[in-house]
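In what follows, a structure is listed as structure tokens, so that the remarks can point back to it.
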Amino acid sequence: MRLLYNIGIYITSVLIKILAVYNQKLKLGVNGRKETFKLLQSSISENDKVFWFHCASLGEYEQGLPVFEALKKRHPNYKIVLSFFSPSGYEVRKNADIADVVVYLPLDTAQNAKRFLDLTNPSYIIFVKYEIWPNFLGEIKRRNFNGILISTLFRENHSFFKWYGSLRRKALFAFKHIFTQDEKSKILLGSIQYKNVSVSGDTRFDRVTNQLRIDNSLPFIEKFINNKLCVVFGSTWPEDDKLYLDFINNNSSKDIKYIIAPHNIKPNYITSLKSQLTVSNVCYSAMETKNLNDSNVFILDTIGYLSKVYSHADIAYVGGGAGNTGLHNILEPAVFGIPIIIGKNFDKFPEAKTLMASNGLVSVSSKQEFNKIVTSLLKNVSKRREMGSINSNYIKENKGAVIQILDYIHI
């Protein structure tokens with residue numbers, strides 16, 4: 001099985017290099033991985049004490065960040081190596097303050113694993129959620145390094161629990177401990193005889209709770225809203241746009257403001273989005289030349305502001321659920337105590353199921369359903385407060401995963 005896996009990795013590496021000629025995202029990954037070992041050699045010395053944090057992409061980074069920050073605060077004399085597999089994580093966070101060096105994870109070959117670990121020699125290793133690379137984990141186990149997996153959420157259909165998943169199943173045992181989001185995941189791990197498990201919950205609750213401790217004011221957003229009701233559409237995709245654009249176009253009012261923060265902020269997409277709007281709108285990139293008070297819609301064609309923007313909202317629509325790209329983080333608006341609307345596809349997101357059952361969240365599958373719920377919420381302040389209270393209480397009741405993880409880590 002391992003031989004077939006290694007052959008597959010080799011074939012994948014060749015194909016990626018070929019496809020990278022035509023795909024910018026793949027090209028970033030190929031070029032970035034060429035620099036990994038150089039960056040490590042120039043940033044880490046033989047006598048350094050090191051933490052290695054690994055995330056697949058940006059979502060996993062945000063999930064692990066409260067743990068990373070707490071460890072850095074507790075052990076300021078340690079250097080931190082932060083690795084990503086995906087360009088969408090690395091390119092956004094390659095200058096992250098949390099780390100001394102940020103790199104792409106090399107492809108999962110035995111040679112790369114040995115060289116990476118030779119250069120870093122980490123005292124502690126933290127992988128986030130689903131990152132299971134058999135060669136890296138095999139080498140970690142051979143060296144008896146301290147490695148843990150946090151915020152993971154297993155399902156029965158994962159390969160770890162299938163007859164063909166022996167290699168990935170074996171790789172799990174390289175972790176000294178696994179922290180899961182729920183009891184079901186612990187039970188599934190028990191079914192393959194993995195016993196070192198704690199149900200700590202989801203570290204994202206701690207992450208969004210930390211958002212309340214910072215200054216979330218955004219003067220340009222405050223100027224745009226101007227004390228009016230505000231609906232925020234966060235991390236939206238074209239499938240989401242089809243649900244809400246008609247409502248915006250047919251409900252332009254000086255008393256309601258709309259903020260759209262699309263997932264894709266490339267110029268061609270922003271141009272397409274603007275062409276579908278029949279009401280006055282302004283982009284972040286052009287706001288210096290516009291009077292913000294005169295616009296009904298503010299398009300956030302930049303990154304880094306959405307979590308703060310939610311604090312200014314009265315209602316939030318969170319994208320990704322109208323199509324099959326995956327629902328984005330509903331906890332970010334929930335912490336600010338506002339009602340949440342999502343698309344119809346959320347089966348893999350337990351927090352969405354919980355909040356829907358608790359009536360803090362509404363799922364819609366058509367423009368008509370969207371129009372009905374938003375119209376109702378805009379008119380009914382008590383309903384907004386009721387739903388918002390459900391959501392903020394849910395965050396309060398589920399935070400604390402970071403403390404459990406830190407209590408385990410002894411250095």
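One-based numbering along the sequence shown. For clarity, every value in this text was computed on a predicted model and none was experimentally measured.
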### Task
Give the C-alpha distance, both sets of side-chain angles, the deciding distance and a yes or no for side-chain hydrogen bond (donor to acceptor under 3.5 Å, both in side chains) between D241 and Q276.
CA-CA 9 Å; D241 299 342; Q276 297 175 71; 5.1 Å; no
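- For F179 and H177, the gap between ring centers is short of 6.0 Å.
- With sequence neighbours excluded, the residues satisfying side chain to side chain contact (heavy atoms under 4.5 Å, CB included) with A286 are T289.
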Name the atoms and distances for all side-chain donor-acceptor pairs under 3.5 Å in residues 113-126, with sequence neighbours left out.
unit_1: D118; atom_1: OD1; unit_2: R143; atom_2: NH1; d: 2.8
unit_1: D118; atom_1: OD1; unit_2: R143; atom_2: NH2; d: 3.0
unit_1: T120; atom_1: OG1; unit_2: F116; atom_2: O; d: 2.9

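- Salt-bridge annotation for R74 and E69: absent, with no side-chain N of the basic residue lying under 4.0 Å from a carboxylate O of the acidic one.
- Taking the six-membered ring for Trp and the full ring otherwise, F205 and Y394 have centroids separated by under 6.0 Å.
- Here the side chain of S311 pairs a donor or acceptor atom with the backbone of K308 at under 3.5 angstrom.
- Ring geometry for H75 against F51 counts as perpendicular: the plane angle is over 60°, on a 0 to 90° scale with 30° as the lower cut.
- Residues in residues 265-289 take part in these ring pair (Phe, Tyr, Trp, His ring centres under 6.0 Å) pairs, two or more places apart or across chains: F220-Y284, Y284-Y305.
- Using a 4.5 Å heavy-atom threshold, the side chains of F84 and V102 count as touching.
- With K257 contributing its side chain and S295 its backbone, the two residues share a donor-acceptor pair below 3.5 Å.
- Under a cut-off of 6.0 angstrom, the local environment of CZ in R155 is crowded, with over 12 non-hydrogen atoms contributed by other residues, nucleotides or ligands.
- Aromatic ring centres of Y104 and F85: separated by at least 6.0 Å.
- In this structure, F336 has its ring center no closer than 6.0 Å to that of Y310.
- A donor-acceptor distance shorter than 3.5 angstrom exists from the side chain of N112 to the backbone of L107, with no hydrogens or angles considered.
- Salt bridge E239/K242: absent, no basic N to carboxylate O contact under 4.0 Å.
- Side-chain contact of S43 with D100: a donor-acceptor pair under 3.5 Å is absent, judged by distance alone.
- Under a 3.5 Å cut-off, the side chain of N296 and the backbone N or O of S252 do not form any donor-acceptor pair.
- Geometrically, R168 does not engage Y5 in a cation-pi contact, judged by NZ or CZ lying under 6.0 Å from the ring centre and within 45° of the ring axis.
- S392 meets the side chain to side chain contact (heavy atoms under 4.5 Å, CB included) test with no other residue; sequence neighbours excluded.
- A donor-acceptor pair is defined here as one N or O able to donate and one able to accept, closer than 3.5 Å; such a pair exists between the side chain of Y130 and the backbone of L153.
- Sorted by first and then second residue, the pairs that involve residues 341-354 and meet salt bridge (charged side-chain N to carboxylate O under 4.0 Å, His left out), not counting sequence neighbours, are R204-E351.
- Evaluation of the side chain to side chain contact (heavy atoms under 4.5 Å, CB included) rule for L4 yields no partner, not counting sequence neighbours.
- With a 6.0 Å cutoff to the six-membered ring centre and a 45° limit on the axis angle, K184 does not count as a cation-pi contact of F154.
- Taking the six-membered ring for Trp and thresholds of 30 and 60 degrees, H328 and H263 have ring planes inclined between 30 and 60 degrees apart.
- Within the 3.5 Å criterion, the main-chain N or O of S88 finds a donor-acceptor partner in the side chain of S86.
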